[in-house]
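Quick notes on the structure that follows.
In listed order, ligands and their atoms are each counted from 1.
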Amino acid sequence: MTNPSFLLRRCNAVPFMRFCVVLLTLPPSLLAGNVLITTSLGEGSHYFVGKTIGKYLVRHGHNVTVLVSEAYAHRADNPEDSELNFIVFHQSTEQIKSVKERHLAFSKNALEPSTATYIINLMQTHRQGAADDCEDLLGNPDVMHQLEDGKFDVVVYDMIWLCSLMVAMKLNTTAVLSSPMAVPTMLSMYARNPVNLAYTPDCMNGYTNKMSFLQRVNNVVANQVLFQILEYMHGPFNTVRERHQIRQDLQGSISDLIGTYTDLFLVNMDFAVEYPLPLIPNIITIGGITARPAAPLPDDLETLMQSSGDGGVILFTLGTYVTHIRQEFLEPFAEVFGRYPQQKVLWQFVGEPKFKIPPNVKMMPWLPQNDILGHPKTRLFIFHGGNNGFYETMYHGVPAILIPLTGDAIDQGSRLTHQGFGIVLDKTNVTVDVLDDAIKTIFNNNSYSEVAKLLSARLQSRSMHPGDRAAFWVNHVMKHGGGYMRSPLIGLNFIQRNMLDVLAFFLALVSVILVVSFYSIRCTLSFCKQKCISSSKQKHD
Ligand SMILES: *[C@@H]1O[C@H](CO)[C@@H](O)[C@H](O)[C@H]1NC(C)=O
Ligand SMILES: *[C@@H]1O[C@H](CO)[C@@H](O)[C@H](O)[C@H]1NC(C)=O
Ligand SMILES: *[C@@H]1O[C@H](CO)[C@@H](O)[C@H](O)[C@H]1NC(C)=O
Ligand SMILES: *[C@@H]1O[C@H](CO)[C@@H](O)[C@H](O)[C@H]1NC(C)=O
């Protein structure tokens, strides 16, 4: 994900020198906050976003430690991340196997249709497994002592693995939530941000912000279902919390505590592409935090890029999750890529392909995605719809073909087609014809790359890089706390929140006025009538 040459480049640049000087002259209190990042066990987009926040915090002068499971202990040895400290917590061989299997379950099952049985099975496995991991962490006295000795000022935790929130609670530090996904409805639920489902599509339903009546009905139902599912998934964490007596003085379940304990919410979305909605001040958008100017490519890749001539390069990756995709799914890609000999194709692929590879295709187990997307020769990005890849392709103005495989990818797909910088394909129907059509359409119609360029300019027109923004705000709540920014909805009950009491009061008032008016008019009328009758009687007399 990150490349050391990027940091070197920044250090040589004049603005960074100025930044260094500013840092050196800052009062010591601004320096060296101790930050703990615990956004996942050490894999997936949750890990990469957390780690990236950490790297920016280091550049802003903080001491950053990342907590990972023994299942991903190799993270600690990555020379690209040498500026970060790592703490690895022990897990049994059995549990490490379970961690990896749970992770691979996403890739192995990515092509299965999302039926109820499939989803329920996936949920069951993850629910208990995540709590067992938590037990391994909180029940390990050595690691807990090490964490306590770390004297952390702030813990950056993950919105899904809530064990990480309990670490912050146990250490009694400021807590910052990191959301690698752009899920405004889910985040709003936790942060008690007022959310209006009339124009905010719920996550994973793929709607835009213009919904028909039935879509809005569905949106409300989906939102409730999601809430119940999350409550169910968080259940075992409450048991773990009780067993370890973690801050029993704090009221509420673990999901309630996300809203009441957290000082800051960092969410990987940007209004350059996100549907507008109001956000309370402690929700900070850091959309595209992993996207940055391209660093120079390794020599072999650079030579390959240049050899593509005017045709340019297609980048194809199914991301870090997808290492176990069925080969049959990939065959049409190889066949179609062969039909574009004027283009070179870079394909991220792990293992041995069992199909024929056309001469213009180069397969590699790992590719520096951001740096290739930022290369002037790159023409098209074909990917699985991960949020980081989505922002990286937009940042570099490259049109995309998106094949939503799991989770929130369908939402990225909805934004992609809504904005018009790419095409979404159905994962159950990626045939040679469908794929060929999509590539042809993007190459023959300039509108996709023009929109991509516009969005790129829009995304980059901002006061600071999202990484610096994240570091700024983490530093801010470390010093000043974030309680003053918490949602005013916390502490209001259903009636107060929806102003039902006020509505009832006004209804009563209007009813009283109507009744009084009705009777006074009736009275006046009947009085007039009597008057009229008596006066006409007098006339007759
Ligand atoms: C930075 O954090 C690590 C790990 O918690 C700790 O060992 C080290 O002493 C800290 N360094 C400073 C300067 O506080
Ligand atoms: C947590 O820290 C605050 C000060 O930051 C302190 O007032 C409070 O007593 C601590 N709570 C516990 C349970 O340690
Ligand atoms: C697959 O896509 C093609 C082209 O869009 C379409 O004609 C066909 O009906 C689709 N098949 C299925 C099973 O959805
Ligand atoms: C190009 O694509 C845009 C957006 O999808 C569409 O509105 C336009 O009609 C297309 N132009 C041609 C010539 O097909």
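No donor-acceptor pair under 3.5 Å is formed between the side chain of His418 and the backbone N or O of Thr208. Between the side chain of Thr262 and the main chain of Ile258, a donor-acceptor pair closer than 3.5 Å is present. Listed for the Thr417 side chain is a donor-acceptor partner under 3.5 Å among the backbone atoms of Gly413. Not a single donor-acceptor pair under 3.5 Å links the side chain of Thr317 to the backbone N or O of Gln348.
Counting protein heavy atoms only, atom 5 (O) of ligand 1 is closest to Thr65 OG1, 3.4 Å. Nearest non-hydrogen protein atom to atom 13 (C) of ligand 1 is Asn63 ND2, 4.3 Å.
Taking 4.0 Å as the cut-off between side-chain N and carboxylate O, Glu135 and Arg243 count as a salt-bridged pair. Look at Asp81 and Lys51 and you find a salt bridge, because one of the NZ, NE, NH1 or NH2 atoms lies within 4.0 Å of a carboxylate O, short of that distance. Using a cutoff of 4.0 Å between basic side-chain nitrogens and carboxylate oxygens, Glu83 and Arg59 are not scored as salt-bridged.
With atom 10 (C) of ligand 4 as the reference point, the heavy atom nearest to it among Ile442, Thr441, Asn445 is part of Asn445. Ranked by closest heavy atom to atom 4 (C) of ligand 3, the top entry among Val434, Asp437, Thr428 is Val434.
Atoms of ligand 1 lying under 4.0 Å from any heavy atom of Asn34, numbered from 1 in the order shown and given with element: 1 (C), 2 (O), 14 (O). Close contacts of ligand 1 with Phe152, meaning ligand atoms under 4.0 Å from a residue heavy atom, involve 5 (O). Using a 4.0 Å cut-off to heavy atoms of Asn85, the atoms of ligand 1 that qualify are 1 (C), 2 (O), 3 (C). Below 4.0 Å from some heavy atom of Tyr448 lie the following atoms of ligand 4, by number and element: 5 (O).
Between Asn429 and ligand 3, a contact under 3.5 Å exists for at least one N or O pair.
Side-chain atoms of Leu257 and Leu162, non-hydrogen and from C-beta on, never get closer than 4.5 Å to each other.
The presence of a protein heavy atom under 4.0 Å from atom 2 (O) of ligand 4 is confirmed. When distances from atom 7 (O) of ligand 1 to the protein are checked, no heavy atom turns up under 4.0 Å.
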